[in-house]
*Asks:* 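This is the structure I have questions about; it appears just below.
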Amino acid sequence: MRREVEQIAEWIIASKKVVVFAGAGLSTESGIPDFRSPGGVWDRYDPEDFYFQNFLSSEASREKYWQMATEMYEPMKKAQPNLAHLALAEMERFGKLDCVITQNIDGLHFKAGNSEERVIQLHGTAMHVSCLTCGKRYDRDEIQERVRKGQKAPRCDDCQGPLKPATISFGQAMPERETQEAYHRSSLCDLFIVIGSSLVVQPAASMPLVAKRNGAKLAIINRDPTPYDNMADLLIHGQAGPIMADIMQNVRRGMEVKD
Ligand code: APR
């Protein structure tokens, strides 16, 4: 692994545009379970219950959704950025990070210090709630308080429309601006680093292909194998936190030598 860590660090130093693609595996070391690992979210809940059409279909489905969403929100609310999040914030400070394309809804990139304009939240955010009818936006904690006080499926104050965490559910339209931006940045980068994603959910998982097809080097850092491992120019199977901290230590040293 030493050689791979040094190699990625050299690529980052030499790179003009680094795009990082983040998945739930980047936040497990912050105490937020991922989706497809043993004990993950889809081990405990049936993904069918999270389909957008289900949410729209009945009050009972919305109540079930909010019950599950409330359980998932608790660890997210308390979570702190880990070494991998902090490494990406440092990469931005070094002026090496073009953007983070994240599938994560936990907002930890911002807590770590990445700026709004450098983070593309492809699957939305759990940190606020929106009305599906009029689009009014609410603070998540304010709505969680209503749920705690007995509102099983909260509704909009203005139009009585159904409220939902501002995340993108299966079957829900992807956010247009973010998706276009993610494709665009993936096509322009010279180094694309995947961290903590199983790379099985589309269209997000097509971003590494876009980068590779446009000539970028592809590095994958993931605990378990992914369907794209054979396409990677560099592959590290391991824990994202210590690996990213190690990589940035090498970048820091390399940048000092360069200056
Ligand atoms: N370090 C490195 N890799 C890790 C770590 C870690 N600490 N912890 C978990 N992983 C890896 C797992 O091996 C797994 O391959 O992260 C990957 C997480 O994969 P998923 O659980 O499938 O998460 P993700 O790829 O983000 O899922 C994509 O699916 O359910 C939907 O909307 C949800 O955004 C999510 C999307």
Side-chain angles (χ1 to χ4, degrees), residues 1 4-5 8 20-52 54-55 65 68-69 71-73 75-76 79-88 100-109 112 119-127 164-175 178-179 182 192-209 218-232 234-248:
M1 194 184 315
E4 285 85 359
V5 163
I8 291 187
V20 171
F21 180 86
L26 196 135
S27 292
T28 54
E29 293 163 59
S30 295
I32 303 173
D34 65 13
F35 294 90
R36 293 173 184 80
S37 294
V41 172
W42 300 144
D43 247 12
R44 289 180 295 137
Y45 304 110
D46 178 352
E48 292 294 320
D49 294 330
F50 278 84
Y51 268 76
F52 191 52
N54 257 8
F55 187 88
Y65 182 99
M68 297 186 289
E71 284 167 21
M72 283 172 66
Y73 180 63
M76 267 183 217
Q80 293 303 317
N82 64 56
L83 292 174
H85 296 105
L86 298 172
L88 301 187
V100 179
I101 299 170
T102 190
Q103 299 170 95
N104 299 345
I105 58 175
D106 53 38
L108 287 178
H109 298 296
V119 178
I120 301 174
Q121 299 188 105
L122 215 47
H123 292 164
T125 173
M127 297 304 137
K164 179 181 169 294
T167 56
I168 304 297
S169 300
F170 291 123
Q172 192 171 1
M174 292 288 287
E178 288 82 352
T179 307
F192 192 95
I193 307 175
V194 174
I195 308 177
S197 179
S198 59
L199 296 175
V200 296
V201 173
Q202 297 295 348
S206 63
M207 304 288 170
L209 293 178
L218 174 62
I220 298 180
I221 300 168
N222 201 56
R223 194 190 53 218
D224 299 307
T226 80
Y228 294 171
D229 283 9
N230 56 3
M231 270 177 41
L234 199 142
L235 190 57
I236 305 182
H237 286 153
Q239 294 287 94
I243 292 168
M244 288 307 297
D246 213 353
I247 289 171
M248 289 313 293

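Whatever order the structure lists them in is the order used to number ligands and atoms, beginning at 1.
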*Asks:* Number the atoms of ligand 1 from 1 as they appear, then name those within less than 4.0 Å of a heavy atom of Glu29, with their elements.
*Replies:*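 Those atoms are 1 (N), 6 (C), 7 (N).
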*Asks:* Okay, side chain of Tyr65, backbone of Lys164: is any donor-acceptor separation there less than 3.5 Å?
*Replies:*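 No: the side chain of Tyr65 does not pair with the backbone of Lys164.
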*Asks:* Kindly confirm or rule out an N or O of Phe35 lying under 3.5 angstrom from an N or O of ligand 1.
*Replies:*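 For ligand 1, there is an N or O atom that lies under 3.5 Å from one belonging to Phe35.
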*Asks:* Which ligand 1 atoms, with their elements, are less than 4.0 angstrom from a heavy-atom of Ser198?
*Replies:*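 That gives atoms 15 (O), 17 (C), 18 (C), 19 (O), 20 (P), 22 (O), 25 (O) of ligand 1.
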*Asks:* Contact between Pro47 and ligand 1, counting heavy atoms under 4.0 Å?
*Replies:*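 So Pro47 does not count as touching ligand 1.
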*Asks:* Among all protein heavy atoms, pick the one closest to atom 36 (C) of ligand 1 and tell me residue, atom and distance.
*Replies:*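 Going by distance alone, atom 36 (C) of ligand 1 is nearest to Val201 CG2, 3.8 Å.
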*Asks:* Find the distance between CD (Gln103) and CD1 (Ile168) and round it off to the nearest 0.5 Å.
*Replies:* 12.5 Å
*Asks:* Step by step, work out the side chain to side chain contact (heavy atoms under 4.5 Å, CB included) result for Asn222 and Val194.
*Replies:* CA-CA 8 Å; Asn222 201 56; Val194 174; 5.9 Å; no
*Asks:* Report the member of Gly23, Ala22, Gly25 with the shortest heavy-atom distance to atom 5 (C) of ligand 1.
*Replies:* Gly25
*Asks:* Got a second to check how far His109's NE2 is from Ser27's OG, nearest 0.5 Å?
*Replies:*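 So the gap between those two atoms works out to 6.0 Å.
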*Asks:* When you measure from atom 2 (C) of ligand 1 to every protein heavy atom, which one gives the shortest distance, and what is it?
*Replies:*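 Sorting protein heavy atoms by distance from atom 2 (C) of ligand 1 puts Gly238 O, 3.2 Å first.
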*Asks:* Of the protein's non-hydrogen atoms, which lies at the shortest distance from atom 25 (O) of ligand 1, and what is that distance?
*Replies:* Ser197 OG, 2.7 Å
*Asks:* About how many Å separate CZ of Phe170 and CG of Asn54, when rounded to the nearest 0.5 Å?
*Replies:*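 Answer rounded to 0.5 Å: 12.5 Å.
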*Asks:* Under 4.0 Å from a heavy atom of Gly196: give me the atoms of ligand 1 that qualify, with their elements.
*Replies:* 3 (N), 16 (O), 17 (C), 18 (C)
*Asks:* Could you identify the single nearest non-hydrogen protein atom to atom 15 (O) of ligand 1 and state the distance to 0.1 Å?
*Replies:*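 Ranking protein heavy atoms by distance from atom 15 (O) of ligand 1, first comes Asn222 ND2, 2.9 Å.
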*Asks:* Going from CD1 on Ile120 to CZ on Phe21, what distance comes out if it is rounded to the nearest 0.5 angstrom?
*Replies:* 11.0 Å
*Asks:* Quick check: does any side chain N or O of Glu4 sit under 3.5 Å from a backbone N or O of Ile236, one acting as donor and the other as acceptor?
*Replies:* no
*Asks:* Which heavy atom of the protein is the closest neighbour of atom 23 (O) of ligand 1, given with residue, atom name and distance?
*Replies:* Ala24 CB, 3.6 Å
*Asks:* Give the atoms of ligand 1, by number and element, whose distance to some non-hydrogen atom of Gln239 is under 4.0 Å.
*Replies:* 1 (N), 6 (C), 7 (N)
*Asks:* So which heavy atom in the protein is nearest atom 28 (C) of ligand 1, and how far is it from that ligand atom?
*Replies:*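 The protein heavy atom lying closest is Gln103 OE1, 3.2 Å.
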*Asks:* Any donor and acceptor pair, going by atom type alone, linking the side chain of Thr102 with main-chain N or O of Asn104 inside 3.5 Å?
*Replies:*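 Answer holds: yes.
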*Asks:* Please tell me whether Asp229 and His237 have a donor and an acceptor in their side chains that are separated by less than 3.5 angstrom.
*Replies:*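 Result is yes, a qualifying pair exists.
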*Asks:* So if I count the atoms of ligand 1 from 1 in the order they appear, which ones are less than 4.0 Å from some heavy atom of Phe170?
*Replies:* 30 (O), 31 (C)
*Asks:* Looking at ligand 1, does Ser37 have a heavy atom less than 4.0 Å from it?
*Replies:*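 It does, in that a heavy atom of Ser37 comes within the 4.0 Å cut-off of ligand 1.
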*Asks:* If you measure every N/O of Trp42 against every N/O of ligand 1, is any gap under 3.5 Å?
*Replies:* yes
*Asks:* Could you tell me whether Thr28 approaches ligand 1 through its side chain, its backbone, both or neither, with non-hydrogen atoms closer than 4.0 Å?
*Replies:* side chain
*Asks:* For atom 31 (C) of ligand 1, which of the options His123, Arg223, Arg36 provides the nearest non-hydrogen atom?
*Replies:* Arg36
*Asks:* Do the side chain of Asn82 and the main chain of Leu26 share a donor and acceptor less than 3.5 angstrom apart?
*Replies:* yes
*Asks:* Under the side chain to side chain contact (heavy atoms under 4.5 Å, CB included) criterion, do His123 and Met174 qualify, and how do the steps go?
*Replies:* CA-CA 7 Å; His123 292 164; Met174 292 288 287; 4.0 Å; yes
*Asks:* Identify the closest protein heavy atom to atom 13 (O) of ligand 1: which residue and atom is it, and at what distance?
*Replies:* Asp224 OD2, 2.5 Å
*Asks:* Regarding Arg223 and Thr28, is there a side-chain donor-to-acceptor distance under 3.5 Å anywhere?
*Replies:* no
*Asks:* Between the side chain of Ser30 and the main-chain N/O of Gln80, is any donor-acceptor distance below 3.5 Å?
*Replies:*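 Yes; judged by distance alone, with no hydrogens or angles, the pair exists.
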*Asks:* Checking a contact table here: which protein heavy atom is nearest atom 1 (N) of ligand 1, and how many Å away?
*Replies:*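 For atom 1 (N) of ligand 1, the nearest protein heavy atom is Ala240 N, 2.9 Å.
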*Asks:* Does any N/O atom on Val200 come nearer than 3.5 Å to any N/O atom on ligand 1?
*Replies:* no
